[in-house]
Amino acid sequence: MKRYNPKEIEPKWQNVWSKQKLYAAIDFDKRTKYIMLTEFPYPSGDGLHMGHIREYTYGDVLARFRRMQGHNVLYPMGYDAFGLPTENYAIKNKISPQEATDKNVATFQKQLEEMGYSIDWNRSFCTSDPRYYLWTQWLFLQFFKAGLAYQAEIAINWCPHCKTGLSNEEVINGRHERCDTLVEKRLLKQWLLRITDYAERLLEGLKDVDYPSRIADQQKNWIGRSEGANINFYSIDDVKKNHPITVFTTRPDTLFGATFLVLAPEHPLVEIITKDDHKDVVHSYVKQTQSKTDIERQATEREKTGVFIGAYALNPVTGTNIPIWIADYVLGGYGTGAIMAVPAHDERDWEFAQKYHLPVMRVIKNDDPDEMCTLKPGTMINSGDFNGMKSTEATTAIISFIEKEGFGSKKIQYKLRDWIFSRQHYWGEPIPIIHCPEHGAVAVPDDQLPVELPVLERYEPTDNGESPLSAITDWVNTTCPVCNSPAKRETDTMPNWAGSSWYYLRYYDPHNNEAFADKPKLEYWGAVDLYLGGMEHTTLHLLYSRFWHQFFYDQGLVPTPEPFAARRGQGIILAADGSKMSKSKGNVVNPSDILDSGYGADALRLAIIFLAPYDQTTPWSPESVAGTHRFLQRVWTLVREYIDTKPSTKEDDSDELKQVIHPLIFKVTTDLERLSFNTAIAACMQTVNDLYHLKAKDGFTATNWEWALKTLLQLISPFAPHISEELWHDLNEEHSIHVSPWPDYDKTLIVKKTVTIAVQVNGKLRGSIEIERDAPEEEVIAKAKEQPKVASYLKEQIIRKSVYVNNRLVNFVL
RNA sequence: GCGGAUGUGGUGGAAUUGGUAGACACGCUAGCCUUAGGAGCUAGUGCCCUCUGGGCGUGAAGGUUCAAGUCCUUUCAUCCGCACCA
């Protein structure tokens, strides 16, 4: 018998598929289009890791499934090449980032091909290719022209290790998400994108897409919408009311209980309002705060600190003078950077008031004791005309009142901040802006795009917050596109999230030199049907690309309001001991080692999918590949034995084969629809076991066997494309199994004619009986009573009740 | 603290609506076979007992029900995201 040798058949079929362009997606094809998108990889020097294998195998299984169902499937792949790791890798290996990228992309491509993924390679690209980033730059300029890209001198998160500024999304617990270094605050002139203008849209859009709640909720949480009011207070010395101290509050109902104000130490009014005799202590407090990193500010969480600035403000509704303090528990970056403190109804204010002996005024009466801080609603007290009102109603009433009186207004506040878009690094898209002394920031004209990255000798990041590009004077010095006078290029580059914010659109039309994508093609392909990716990108890439896409939609550049109709997030593969795989721990499992060991891609594909449900994080088990290899070996033997022995030609009048295969078609089809890959494979294993048993009975015609085996191979083919293709051709099929139509099931054959009924006595299983499906209840109960073991329990007992569940069980209650 | 999830054999995991808990695999045990292999085949494998029978069993404790892994209440543990967000 021909042996199963994955090392031989896998490359063979990969070549055939590639020559036949079997997986090419066809623009404007009449079949229904289906875009199966997986996140494109960052081509690091380490090659593919298990997470890639998991994600792309899931994507490939679904792509193959949809293709066989008759869809015009686009399953694309590209490379997200700009960014710090490549730059660091290049510096370390003393090669240019371009070279490093080319080298790494080649490795990735080879590995992806070895896995047998049904990718349309003709549509592949790399974000660091000038033909691609020309359009990243062009799209950035659309933001700029619409006023959504702007420059500002702001305190940003600075990673001292990577020597670059970071967006808020890139900072995790005060550390840079990539290198885990503590971030510092630095004041730098930065480019920002007004993602906050899209806060409401990003929330609203979630209603129109199919995202699991854990993804949608995480985005909602990140956007952090809260309703309240902005209220203006004035220092009692500010008689002309030149400097309103605006506070944001979600509890306007507690306005009468505001007994002091707290400003963030970095609040711009601090310097203006502070009394001269308090300036020393205020300055030193401000200085002390600035020297703290966010981590240190959080470490002092329990012990709140602050200083009185010597000034008082007027509470506009009570007419009392309330002291103004500064404290670092008030954040400069959220709301207005100032709060009205209501110690009776806010725990933080309460804590602060206790420590510094500040007055407390209870304005809501409820079950909680009067001398305590309470967050619960209740009845208004000490609140003038609002007394006696329910606090929940007072919120809107007080907002109306302050709006009428002109010292405040309703306000919706978001936690989301504008996206810091500048990076002070070499390996990124140059921001296509020219700074003219006369005209300020000017867009590079379209015909001068792309602004190519100059080839440099040295591209190490600098410590001074300037991009290495700033040292290239003949590149920096240019002329203003408006007035032709000497001007300077912007030297910051874009974050690595830029290229990935729109990459999926480029797959629709990857070779277009006139536009980022052709309109009719954008119309044809529409939204991505299913996007698989990692949970870690929920508030980074996924949010960013939704923002870009929504903006493009507003500009008439794309036909759909949302980029991804459905999104799912797969779980992480951990090391065998349940810890995270990491280079430093040395517990990284390398997929190419598994391939090289001779098991082959099919066994690895099955193993990683069979391991656990799609969205579950789970430890890798090294033995699992041996198990799935064994299964494939059994499939191979089953089919090859049939071919080699050409079995009996006996008449077959039973439905036994059909009753094994049709339920399997049903099971695999429905499981793939609901992304339950592991159970689909389990069902295939079960069926192979069943077929071995049926084979021993030897009572089937060749036609029926051949039908059963071919159907089995078709159902396995999305998971194990090589072995199924090989055996399919061994069974004398001419065309590829992967373009054969997905088998249909006969509804009447997916259920057995007889069913096993469990018989319980007092809810305990005592036996089982075989009956015809849908037999009448009386007949089943009568038969159940006769079951010997059951009968012994029923003897000399009175049956109080008999419960019958159709085709499932009988329960006698005594 | 807020938001989301998860707890089932030695292990990974099954159990679409309340209806035979442990499918499928890994591992293990015994036997067979052999070209001694990363084999293959057969049987067994939740725990306990006085073992042709019976009891217990889905993190814990209650509850609803003829019937609960599944529903309700309380609680514990773990993981992920956010976190002094006013």
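When reading the values below, keep in mind they use all heavy atoms of this one structure, side chains included, and skip hydrogens, waters and symmetry mates.
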Interatomic distance where [atom1] belongs to [X] and [atom2] belongs to [N] [whole Å]:
X        : N      : atom1 : atom2 : result
A:Lys667 : B:rA14 : NZ    : P     : 10 Å
A:Phe631 : B:rA39 : CZ    : P     : 19 Å
A:Tyr614 : B:rA14 : OH    : P     : 15 Å
A:Leu375 : B:rC84 : CG    : P     : 17 Å
A:Tyr599 : B:rC26 : OH    : C1'   : 12 Å
A:Arg808 : B:rA15 : CZ    : P     : 13 Å
A:Trp350 : B:rA86 : CH2   : P     : 21 Å
A:Phe812 : B:rG19 : CZ    : C1'   : 15 Å

**Complete:** Whichever of A:Asp217 and A:Arg674 has the more 5' nearest nucleotide on RNA chain B, that residue is A:Asp217

**Prompt:** A:Val813 or A:Val805: which one's nearest nucleotide on RNA chain B is closer to the 5' end?
**Reply:** A:Val805

**Message:** Could you tell me how far B:rA14 sits from B:rA25 if I compare only their P atoms? Round to whole Å.
**Reply:** 15 Å

**Request:** Between B:rG62 and B:rU11, how far apart are the C1' atoms? Round to whole Å, please.
**Result:** 32 Å

Return no unless some side-chain N or O of [X] is found under 4.0 Å from OP1 or OP2 of [N].
X        : N      : answer
A:Arg634 : B:rG40 : no
A:Asn689 : B:rA25 : yes
A:Lys415 : B:rA86 : no
A:Gln686 : B:rA23 : no
A:Tyr793 : B:rG54 : yes
A:Gln616 : B:rU6  : no
A:Asn678 : B:rA14 : yes
A:Arg630 : B:rC26 : yes
A:Thr617 : B:rU6  : no

According to the interplanar angle, ranging from 0 to 90°, do the rings of [X] and [Y] count as parallel (below 30°), tilted (30 to 60°) or perpendicular (above 60°)?
X        : Y        : answer
A:Trp497 : A:His537 : perpendicular
A:Tyr356 : A:Trp325 : tilted
A:Tyr544 : A:Trp419 : parallel

Selection from [options] that lies nearest to any side-chain heavy atom of [X]:
X        : options                : answer
A:Ser213 : B:rU20, B:rC56, B:rG4  : B:rG4
A:Ala682 : B:rA86, B:rA23, B:rG13 : B:rA23
A:Ser226 : B:rU20, B:rA86, B:rC66 : B:rA86
A:Asp346 : B:rA86, B:rG54, B:rC24 : B:rA86
A:Lys789 : B:rG54, B:rG13, B:rA5  : B:rG54
A:Val803 : B:rC66, B:rC82, B:rG12 : B:rC66
A:Phe610 : B:rC56, B:rG12, B:rG53 : B:rG12
A:Glu623 : B:rC26, B:rG19, B:rG13 : B:rC26
A:Gln218 : B:rG81, B:rU20, B:rG19 : B:rG81

**Request:** Find out whether A:Asp602 and A:Pro6 are in side-chain contact, i.e. whether some heavy atom of one side chain is under 4.5 Å from a heavy atom of the other.
**Result:** no

N-O pairing of [X] and [Y] below 4.0 Å:
X        : Y        : answer
A:Asp368 : A:Lys376 : yes
A:Lys355 : A:Glu303 : yes
A:Glu39  : A:Arg567 : yes

**Asked** Which glycosidic conformation, syn or anti, is assigned to B:rG9 if syn requires a torsion within 90° of zero?
**Response** syn

**Message:** Does A:Lys410 have more than 12 heavy atoms from other residues, nucleotides or ligands lying within 6.0 Å of its NZ?
**Reply:** no

**Request:** Answer with base, sugar-phosphate or nothing: what part of the nucleic acid does A:Arg3 contact at a heavy-atom distance below 4.0 Å?
**Result:** nothing

**Request:** Using a heavy-atom cut-off of under 4.0 Å over every strand shown, decide if A:Gly224 touches base, sugar-phosphate, or nothing.
**Result:** nothing

**Prompt:** Counting only non-hydrogen atoms, which of residues 333-340 of chain A are less than 4.0 Å from RNA chain B?
**Reply:** A:Tyr334, A:Ile339

**Prompt:** Within 45 degrees of the axis of the six-membered ring of A:Tyr692 and under 6.0 Å from its centre: does A:Arg634 put its NZ or CZ there?
**Reply:** yes

